[in-house]
Amino acid sequence: MSQPLFWMTYPLIFVATFIIAGFSEPPITTMVTGLSLIMLAVWVWGTAPVKQRFLALLAWTFTGAILGLMALVFSPANVNLEKDVIPGVLDILRDSFLYSYIFIADSIRVFPIPSLVSALIPALLIWLYLQTTTLEFSRTQKRFLWMIVFFAPFLMWILIAAGFSPSVYGQGFPVERMRFLARTIMTVTIMLEGALFGILAQDFKLRSGRSYVQSFAVVLLLVLGLIYPLRAAVTVYENNYNEYRSRAALWDLRDAYIIHHADLGEKI
């Protein structure tokens, strides 16, 4: 890790990040916020010479992301955007964090079982794996894991708010494409929390009937991993069947209308 990187690595990372930043505002604002937090963490807890190497890589990536974001901000589409009232920075921050909180709370309220399953599957996988190995975590490592468990939800809140900010500025409320990214961030965080609890529960062992406990955990894992997605698919089918059938009927009617008038010789 102490060996210097090839000098072309840095400009390549810069160009790649700049290009990626030009696709959409929500992901790049999330990236800029995440990179800022990572650089702060490396600066505070990193050790030389790895610290300098990581900071250099992160600095080039951050610069490309910032310039890409600026290119989006000052693009003709945004410059010519007509709004009666342009929100201030404090208003954008307030609404972004407020909508992020509402999104997280509403997601847990509406989808409690999927959230629980997303946490249980990695927790069971990690716990079962640790029961079959001699891998042990020190008290310091476990204390660090507990710290991640505590701060991960706050980091999730910050990243979702960062992604919501362009929509708060442009539309006033997060658009669907950002809510998709927010859902991804939230699901990854829930799975991470589950995995961490699986590690921290390593010492939870029953001396009697241990094999039965592990067998039950395996069966539960199979049920959650195989049967629940099928149940969710059936639910989606039942909830959307009538709507999709109506859309298909309208599409067929439109297609028949076009063909009929084309046979009559109409071209427009």
Side-chain angles (χ1 to χ4, degrees), residues 1 4-83 85-101 103-104 148 151-186 188-189 192:
M1 296 297 290
L5 294 174
F6 181 53
W7 68 272
M8 278 295 295
T9 302
Y10 299 106
L12 285 174
I13 290 176
F14 169 80
V15 173
T17 309
F18 180 80
I19 294 175
I20 293 172
F23 287 102
S24 180
E25 297 93 342
I28 195 56
T29 52
T30 305
M31 183 187 296
V32 168
T33 304
L35 288 170
S36 302
L37 296 174
I38 294 173
M39 284 193 294
L40 178 62
V42 172
W43 178 267
V44 174
W45 291 294
T47 57
V50 179
K51 175 179 179 178
Q52 286 74 15
R53 186 180 186 181
F54 282 170
L55 283 177
L57 286 170
L58 290 169
W60 281 85
T61 307
F62 181 79
T63 304
I66 282 291
L67 291 180
L69 179 61
M70 292 299 100
L72 288 175
V73 171
F74 295 105
S75 65
N78 284 325
V79 171
N80 298 327
L81 181 66
E82 295 183 0
K83 296 191 64 175
V85 178
I86 299 178
V89 175
L90 294 179
D91 293 330
I92 294 175
L93 289 175
R94 180 199 63 202
D95 291 343
S96 297
F97 278 98
L98 175 62
Y99 292 148
S100 177
Y101 171 78
F103 173 82
I104 295 170
I148 297 178
F151 284 106
F154 293 98
L155 178 61
M156 173 186 67
W157 184 30
I158 293 173
L159 292 179
I160 293 177
F164 279 177
S165 58
S167 294
V168 171
Y169 172 77
Q171 291 84 22
F173 190 80
V175 295
E176 291 185 1
R177 60 193 172 103
M178 181 50 224
R179 295 203 294 272
F180 175 80
L181 177 59
R183 180 77 60 201
T184 303
I185 295 173
M186 185 174 177
V188 170
T189 304
L192 173 63

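For reference, positions follow the sequence shown, starting with 1.
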Quiz prompt | pair Val42-Met39: side-chain heavy atoms closer than 4.5 Å | solution = no
Self-check item: Closest contact, heavy atoms only, Phe103 versus Met186
Solution: CE2-SD, 4.3 Å
Exercise. Nearest 0.5 Å please: distance from the CG atom of Leu40 over to the CG atom of Leu55.
Key: 10.0 Å
Quiz prompt | Ile104 side, atom CD1; Tyr99 side, atom OH - distance, nearest 0.5 Å | solution = 15.0 Å
Practice problem: Calculate, to the nearest 0.5 Å, the distance between atoms CG and CZ belonging to Asp95 and Phe164 respectively. | Solution: 12.0 Å
Practice problem: Spell out, as yes or no, whether a donor-acceptor pair under 3.5 Å connects the side chain of Ser100 to the backbone of Trp157. | Solution: yes
Exercise. Please round to the nearest 0.5 Å and tell me the distance separating atom OG1 of Thr17 and atom CD1 of Ile66.
Key: 11.5 Å
Quiz prompt | Value rounded to 0.5 Å, distance of CG in Leu159 from OG1 in Thr29 | solution = 9.5 Å
Quiz item: Phe97 and Ile158: side chain to side chain contact (heavy atoms under 4.5 Å, CB included), yes or no, with the steps?
Solution: CA-CA 7 Å; Phe97 278 98; Ile158 293 173; 4.1 Å; yes
Self-check item: Nearest-0.5 Å distance, CZ of residue Arg179 to CD1 of residue Ile160
Solution: 12.5 Å
Practice problem: For Gly163 and Pro26, work out which heavy atoms get closest and say how close. | Solution: O-CB, 3.5 Å
Self-check item: Sole candidate of Ile148, Leu37, Thr189, Thr33 that passes side chain to side chain contact (heavy atoms under 4.5 Å, CB included) when paired with Leu155
Solution: Leu37
Self-check item: Minimal non-hydrogen separation, Ser96 against Ala161, with atom names
Solution: CB-O, 3.4 Å
Quiz item: How about Ile38 and Phe54: do any of their side-chain heavy atoms sit closer than 4.5 Å?
Solution: no
Atom pairs and distances, side-chain donor-acceptor, residues 58-65, under 3.5 Å, sequence neighbours left out:
residue, atom, partner, partner atom, Å
Thr61, OG1, Leu57, O, 2.8
Thr63, OG1, Ala59, O, 2.7

Practice problem: For Lys51 and Trp43, indicate whether the former's side chain and the latter's backbone hold a donor-acceptor pair under 3.5 Å. | Solution: yes
